[in-house]
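Report on one structure; see the data block that follows.
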Number of protein chains: 2
Amino acid sequence: MIIGQKLRELREEKGLLLRQVAAELEVDTAYISKMERGEKNIRKEFIIQLASLYNHNQDELLALWLADKIYDTVKDEAMAFEAIEIAKKYLSKEI
Amino acid sequence: MIIGQKLRELREEKGLLLRQVAAELEVDTAYISKMERGEKNIRKEFIIQLASLYNHNQDELLALWLADKIYDTVKDEAMAFEAIEIAKKYLSKEI
DNA sequence: ATATTTTTGACTAAAATTGACAAGTCAATC
DNA sequence: GATTGACTTGTCAATTTTAGTCAAAAATAT
């Protein structure tokens with residue numbers, strides 16, 4: 001989703017090829033392509049490596065990555081907003 | 001987590017046994033026990049059936065159920081709050 | 001004590017995920 | 001129009017995760 005787009009932007013800014021990024025992460029080129037297009041989940045570890053490779057703020061990327069996961073779990077749910085508020089409440093109380 | 005507790009409360013209010021609820025959902029008794037104690041995920045379909053069985057507001061239960069899922073995906077993440085805000089933004093823009 | 005309810009742990013079938021590989025498309029260039 | 005390079009797509013094997021059962025153990029009530 002959004003993290004994928006962002007990763008593609010960053011890669012293109014750096015002028016890197018899928019192949020080069022793939023070599024860095026030690027995975028197949030096709031796999032990077034799929035991550036960038038949101039066809040595959042991205043492992044947290046990869047985000048960290050990519051933040052470093054692209055010289056980009058790691059926390060920002062991790063936030064986007066996590067936001068995508070949240071979005072994915074709520075997107076088709078009628079109670080999405082209510083649930084988010086409840087989850088936030090749990091979270092601030094460190095349940 | 002929280003949805004489990006709530007389901008247990010509701011069941012006890014109605015004076016139903018695990019066995020009886022299990023029969024209603026057509027699953028094993030142990031499974032209900034595990035759902036109520038947050039040891040197993042609960043299928044959305046079960047929440048709907050239980051709302052009806054317990055005569056309780058379905059949307060409220062679904063919101064709790066979804067909140068738990070959100071909480072679960074963010075609970076160990078440093079960027080949890082930021083991610084939630086981003087996800088909310090996506091959601092309100094219906095991306 | 002014993003009968004009933006709930007919990008626990010081990011287990012398995014099914015489903016989802018990871019990631020590779022091969023073949024395909026698409027542009028640009030020769 | 002053939003070739004080359006970058007990316008995409010489909011399929012697949014291997015691994016991991018999940019759903020739910022069963023039997024035994026623990027807890028609770030009678």
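Each chain gets a letter, A, B and so on, in the order the sequences are listed, and its residues count up from 1. Only a predicted model underlies this, so the values are computations on that prediction, with no experimental measurement involved.
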Shared hydrophobic cluster for L17(A) and F46(A) (ILVMFWY, side-chain gaps under 4.5 Å): no
Apply the side-chain contact (heavy atoms from CB on, under 4.5 Å) test between E36(B) and each candidate in I42(B), L18(B), V21(B); give the one that qualifies. L18(B)
Starting at atom OH of Y31(A), determine the distance to atom P of dC21(C), rounded to an integer number of angstrom. 14 Å
Integer-rounded Å distance: dT17(C) P and K40(A) NZ: 9 Å
Which sits closer to the 5' end of DNA chain C, E36(B) or T29(A), going by the nucleotide each is nearest to? E36(B)
Round to the nearest Å and state the distance from N41(B) atom CG to dG20(D) atom C1'. 12 Å
Measure from CZ on R11(A) to P on dA6(D) and round the result to the nearest Å. 11 Å
Less than 4.0 angstrom between a side-chain N/O of R8(B) and OP1 or OP2 of dT5(C), yes or no? no
Could you state the atom-to-atom distance from CZ of R19(A) to C1' of dA20(C) in whole Å? 18 Å
Out of N55(B), L61(B), L50(B), which residue meets the side-chain contact (heavy atoms from CB on, under 4.5 Å) rule with L10(B)? L61(B)
For L17(B) and for R37(B), locate the closest nucleotide of DNA chain C by heavy-atom distance; then report the residue assigned to the nucleotide nearer the 5' terminus. L17(B)
Examine dT8(D): is either OP1 or OP2 under 4.0 Å from a nitrogen or oxygen in the side chain of S33(A)? Give yes or no. yes
